[in-house]
Chemist: 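Got a structure for you, questions after.
Every heavy atom of this structure was used, including side-chain atoms; hydrogens, water molecules and symmetry mates were not. Sequence lines set the chain letters: A, B, ... in the order given, protein chains first and strands last, and positions in each chain run from 1.
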Protein chains: 2
Amino acid sequence: MKEKSVSSDILVEFRKICEKHGIKLTYQRLEIYRVLLEADDHPSAEEIFLRVQERVPTISLDTVYRTLATFEKVGLIKKIYSLDDKARFDPNVSPHHHVVCSKCHRITDFSWPEIEKIPLPEELKEWGEIKERYLELRGLCKDCLQREKG
Amino acid sequence: MKEKSVSSDILVEFRKICEKHGIKLTYQRLEIYRVLLEADDHPSAEEIFLRVQERVPTISLDTVYRTLATFEKVGLIKKIYSLDDKARFDPNVSPHHHVVCSKCHRITDFSWPEIEKIPLPEELKEWGEIKERYLELRGLCKDCLQREKG
DNA sequence: GTAAGTGCAAATGATTTGCACAGCG
DNA sequence: CGCTGTGCAAATCATTTGCACTTAC
């Protein structure tokens, strides 16, 4: 339910972000940012590269990697690992959870604020300092269920 | 609180497992199995290789990889990904959750059966069929907290 | 004996890095 | 103009695979 910004808004918004974090605003970074904003499927670096390439044909894969690392450092995105060995990138940095399909590995966001309120088991008191609760649900998504039946 | 088996028990137990799944009992597999049983720290393939190597100096890393893949296929272990890009292996295949240290990346098991009972948010009803709930807590472990202060 | 399992070395796939040039501030 | 960012190619790291030899059953 996130509002998609209009093109010109993105530029203004991204300029602010770059200034705030002291990084240069480049065409490549802007387009990677744009792709990330439009993505709701937690793409891998390779997938992001392919999407950006449609707009910036001369971009290189390692620039995508470098930019993603930069974006992660400044807290613009989150790197996630799930059932795959390759990383995926999540432009949603606010606390939320994931449902992952065991078959197609598609990752979908969901929120469940109530989970924060439930007291943790006693045994964890001595583990250290817990900062975040991340829940990953696993199962078969609708599409894969369909395919299994068909 | 899992009882560690005595050496001879392991052999008997592992022979049964191999028969059950129709895989051959080899020295290498037995020793990898032993290392997994003794491990409570979710080692990577490389770490498992190093530990097995102390007992079987001629073992090769790719045998470790192949064996871990076989063990996973028959349901003896679980492959897990967390903050790292490299896989770790969990000899505990019963449903349980993890606390991960954001600094040292150490993974510790914990169980929280109550989490199963809590009804999931409505919006997930239409996602598909959810089979498993996995919770990952993140924070700083005791050791890393100490080091940060010191 | 025969197919499955192993070790070696080489291939692969994801990600990182050194270097020279380009472009933002 | 100076330094950060980019593109290219080559390096690295985790993991996989082809092949010839070994071994469990």
Chemist: Over 60° means perpendicular and under 30° means parallel, so classify the ring planes of B:Trp112 and B:Phe110, tilted if in between.
Modeler: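 Because their plane-to-plane angle lies in the 30° to 60° range, the rings of B:Phe110 and B:Trp112 count as tilted.
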Chemist: Taking atom P of C:dG13 as reference, at what distance in whole Å does atom CD of A:Glu47 sit?
Modeler: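 It is 15 Å, rounded to the nearest whole Å.
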Chemist: Check B:Glu114 with B:Lys117, please: is the shortest side-chain N to carboxylate O separation under 4.0 Å?
Modeler: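 No.
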Chemist: So, is A:Gln28 near the phosphate of D:dG7, with a side-chain N or O under 4.0 Å from OP1 or OP2?
Modeler: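 Checking D:dG7 against A:Gln28, a side-chain N or O does come within under 4.0 Å of OP1 or OP2.
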Chemist: Take the angle between the ring planes of B:Phe71 and B:Phe14 and call it parallel below 30°, perpendicular above 60°, tilted in between.
Modeler: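 Correct class here is perpendicular.
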Chemist: Considering every strand and a 4.0 Å limit on heavy-atom distances, what is the contact class for B:Thr58: base, sugar-phosphate, or nothing?
Modeler: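 The residue B:Thr58 makes sugar-phosphate contact but no base contact.
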Chemist: Given atom CD of B:Glu46 and atom P of D:dT16, what is their separation to the nearest angstrom?
Modeler: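 Roughly 13 Å, once rounded to whole Å.
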Chemist: If the cut-off is 4.0 Å, is B:Thr63 near the phosphate of C:dT6, judged by side-chain N/O to OP1 or OP2?
Modeler: no
Chemist: Could you state the atom-to-atom distance from CD of B:Gln53 to P of C:dT6 in whole Å?
Modeler: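 Taking atom P of C:dT6 as the reference, CD of B:Gln53 is at 16 Å.
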Chemist: What does nucleotides 16-25 of chain C look like as a protein-contact string, B for base, S for sugar-phosphate only, - for none, at under 4.0 angstrom between heavy atoms?
Modeler: BBB----BBS
Chemist: Is the backbone N or O of A:Lys16 less than 3.5 Å from a side-chain atom of A:Glu19, with the two atoms forming a donor-acceptor pair by type?
Modeler: no
Chemist: Atom CG of A:Leu68 to atom P of C:dT15: distance rounded to whole Å?
Modeler: 10 Å
Chemist: Does anything in residues 72-82 of chain A form a side chain to side chain donor-acceptor pair (under 3.5 Å)? List the pairs, not counting sequence neighbours.
Modeler: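 Matches after skipping sequence neighbours: A:Lys78-A:Glu132, A:Ser82-A:Glu136.
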Chemist: In whole Å, what is the span from the CD atom of A:Glu31 to the C1' atom of D:dG5?
Modeler: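 Roughly 16 Å, once rounded to whole Å.
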Chemist: Tell me: CD1 of B:Ile32 to P of C:dG5, nearest whole Å?
Modeler: 12 Å
Chemist: Under 3.5 Å, is there a donor on one side chain and an acceptor on the other for A:Ser111 and A:Asp109?
Modeler: no
Chemist: Less than 4.0 Å between a side-chain N and a carboxylate O, is that true for A:Glu148 and A:Lys103?
Modeler: yes
Chemist: Return the 5'-most residue of the pair A:Ile59, B:Ala87 with respect to DNA chain D, ranking by each residue's nearest nucleotide.
Modeler: A:Ile59
Chemist: Measure OH/A:Tyr81 against P/D:dT15 and give the value in whole Å, please.
Modeler: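 Rounded to whole Å, this separation is 11 Å.
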Chemist: From NZ of B:Lys73 over to P of C:dA4, roughly how many Å is that when rounded to an integer?
Modeler: 12 Å
Chemist: With clusters defined by side-chain heavy atoms of hydrophobic residues (ILVMFWY) lying less than 4.5 Å apart, directly or transitively, does A:Ile130 cluster with B:Leu140?
Modeler: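 B:Leu140 does not cluster with A:Ile130.
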Chemist: Requiring both pairing distances under 3.5 angstrom, list the stems that contain DNA chain C and are made of three or more consecutive Watson-Crick or G-U pairs.
Modeler: C:1-25 with D:1-25
Chemist: Around atom CD of B:Glu123, are there more than 12 heavy atoms of other residues, nucleotides or ligands at under 6.0 Å?
Modeler: yes
